[in-house]
Number of protein chains: 2
Amino acid sequence: MGQDRIELESSVGYLLKEASSSLRAAMDAVLRPLDMTVTHYSCLELLAQRPGLSNSDLARGAFVTRQSMNVLLHALERDGFVTRPAEAPAGRTLPVTLTPLGRRRLEQASTAVRSVEARMLRGMTREEQSHALHALQRMVRSLHEDDVPRGQG
Amino acid sequence: MGQDRIELESSVGYLLKEASSSLRAAMDAVLRPLDMTVTHYSCLELLAQRPGLSNSDLARGAFVTRQSMNVLLHALERDGFVTRPAEAPAGRTLPVTLTPLGRRRLEQASTAVRSVEARMLRGMTREEQSHALHALQRMVRSLHEDDVPRGQG
DNA sequence: TGACCCATGTCAGAATTCTGACATACATTC
DNA sequence: GAATGTATGTCAGAATTCTGACATGGGTCA
């Protein structure tokens, strides 16, 4: 019968979704004691690697809309983890930076997240991990080709 | 000590999230003309492969809560794509089945989704695809080991 | 039989995220 | 200089999803 039907268990798309979902659940589990979510962590991690990123930059990096990132940033700012200048140094972009408190917070979270990633990757050789990495990169690239940039319109 | 920070671009976790996000966006884009979402499609696809699945089964298969799946099922039922018996044949589980209309709907969606998956996989050899598939399966398994079953508690 | 545990369907409320819209700032073009 | 296009931050409302809670059905085990 449906020979051409996508077999869910052997569909890369389905597995991608399952793996991503499992990873998110595992990360949420280890982050919960720290009172953080994956998006919290992503934002902080992004800022540690590239200080001065804007709200829109962070949104793209965390795969949410800039409106969502904006409410997150306000919470992080209120809690003293990040800072934004009152006025834009140039244009409208407000560069966000980690505070020392935010950096300490990130260190805790980073340790927890690293343990999850290590757990996910255990049982795979260095070479297998590299292959998986490149396969994922290739999929992302293929998906973005001849693709309209997403956003608000 | 200078614990090597997770380099986002070379982190399997980050790539996983990015790939999953890109795939979802691409699927949403091709499904939008059909007035469907990824969750819609997932539900229908699941039912085509295993008729009679319960609400909870579908929720697990689509990676959402059973409450979310329940509202979706009501919409699909209202639109005539699926059917549920008024009373449970056994226990409390209500088996859901596709209607002929739902099956036709799925065919359209399935064609669109297949094109996206093909686009994602283009440029990868059969062997590379197989490697990626098994890598993903392994990650999911590792993540689920010594893990509490998720749910409502 | 009865106590217990687990899974299911469902209701209600909260939290999160998204869509739509607007004004502003800069670059490009005429 | 003026018009246009793109990108940003932000406000407001809607839609979606989740968390919490409850009663029911069925299995296990004493």
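Reminder, nothing fancy here: chain letters follow the sequence lines and each chain counts from 1.
- The nearest whole Å value for the distance from the CD atom in A/Glu77 to the P atom in D/dG9 is 12 Å.
- Checking the phosphate oxygens (OP1, OP2) of D/dT8, no side-chain nitrogen or oxygen of A/Thr93 falls inside 4.0 Å.
- Map A/Met69 and A/Arg92 each onto its nearest nucleotide of DNA chain C; the residue landing nearer the 5' end is A/Met69.
- Residue-level contact check: B/Val71 touches neither bases nor backbone, having no heavy atom under 4.0 Å from any strand.
- For the pair A/Asp35 and A/Arg105, the minimum side-chain heavy-atom distance is below 4.5 Å.
- Under 4.0 angstrom from either OP1 or OP2 of C/dT16 there lies no side-chain N or O belonging to A/Ser68.
- As a whole-Å value, the separation of A/Arg84 CZ from D/dG9 C1' is 8 Å.
- When the P atom of C/dT17 is taken as reference, atom CG of A/Leu72 falls 8 Å away, rounded to whole Å.
- Distances shorter than 4.0 Å separate none of the side-chain N or O atoms of A/Thr65 from OP1 or OP2 on C/dT17.
- Rounded to whole Å, atom P of D/dT6 lies 14 Å from atom CZ of A/Arg66.
- A residue-by-residue look at B/Ser54 and A/Gly91 shows that B/Ser54 has its nearest nucleotide of DNA chain C further toward the 5' end.
- At D/dG9, none of the side-chain N or O atoms of A/Asn70 fall inside 4.0 Å of OP1 or OP2 (strictly under the cut-off).
- One atom, CG of A/Asp57, and another, P of D/dT8, lie 6 Å apart when rounded to the nearest Å.
- For D/dG9, the OP1/OP2 oxygens have a side-chain nitrogen or oxygen of A/Ser56 closer than 4.0 Å.
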*For B/Glu18 and A/Arg60, what are the C-alpha separation, side-chain angles and deciding distance, and is it a salt bridge (charged side-chain N to carboxylate O under 4.0 Å, His left out)?*
CA-CA 10 Å; B/Glu18 183 172 9; A/Arg60 277 187 291 267; over 6 Å; no

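- Side-chain nitrogen and oxygen atoms of B/Arg60 include none within less than 4.0 Å of the OP1 or OP2 phosphate oxygen of C/dA7.
- Residue A/Leu58 contributes atom CG, which lies 9 Å from atom P of D/dG9 at whole-angstrom precision.
- Separating the CG atom of B/Asp35 from the C1' atom of D/dA15 is a distance of 14 Å, rounded to the nearest angstrom.
- Cluster annotation: B/Leu34 is connected to B/Leu98 through the hydrophobic network of ILVMFWY side chains, with a link wherever side-chain heavy atoms come within less than 4.5 Å.
- For A/Arg32 and A/His74, each mapped to the nucleotide of DNA chain D holding its nearest heavy atom, the one lying further toward the 5' end belongs to A/His74.
- Look at CE on B/Met36: it is 17 Å from C1' on D/dT16, rounded to the nearest Å.
- Between B/His131 and A/His131, the ring planes are parallel. Angles under 30° get that label, and only those over 60° would be called perpendicular.
- We find the CG-NE2 distance between A/Leu31 and A/His40 to be 9.5 Å, quoted to the nearest 0.5 Å.
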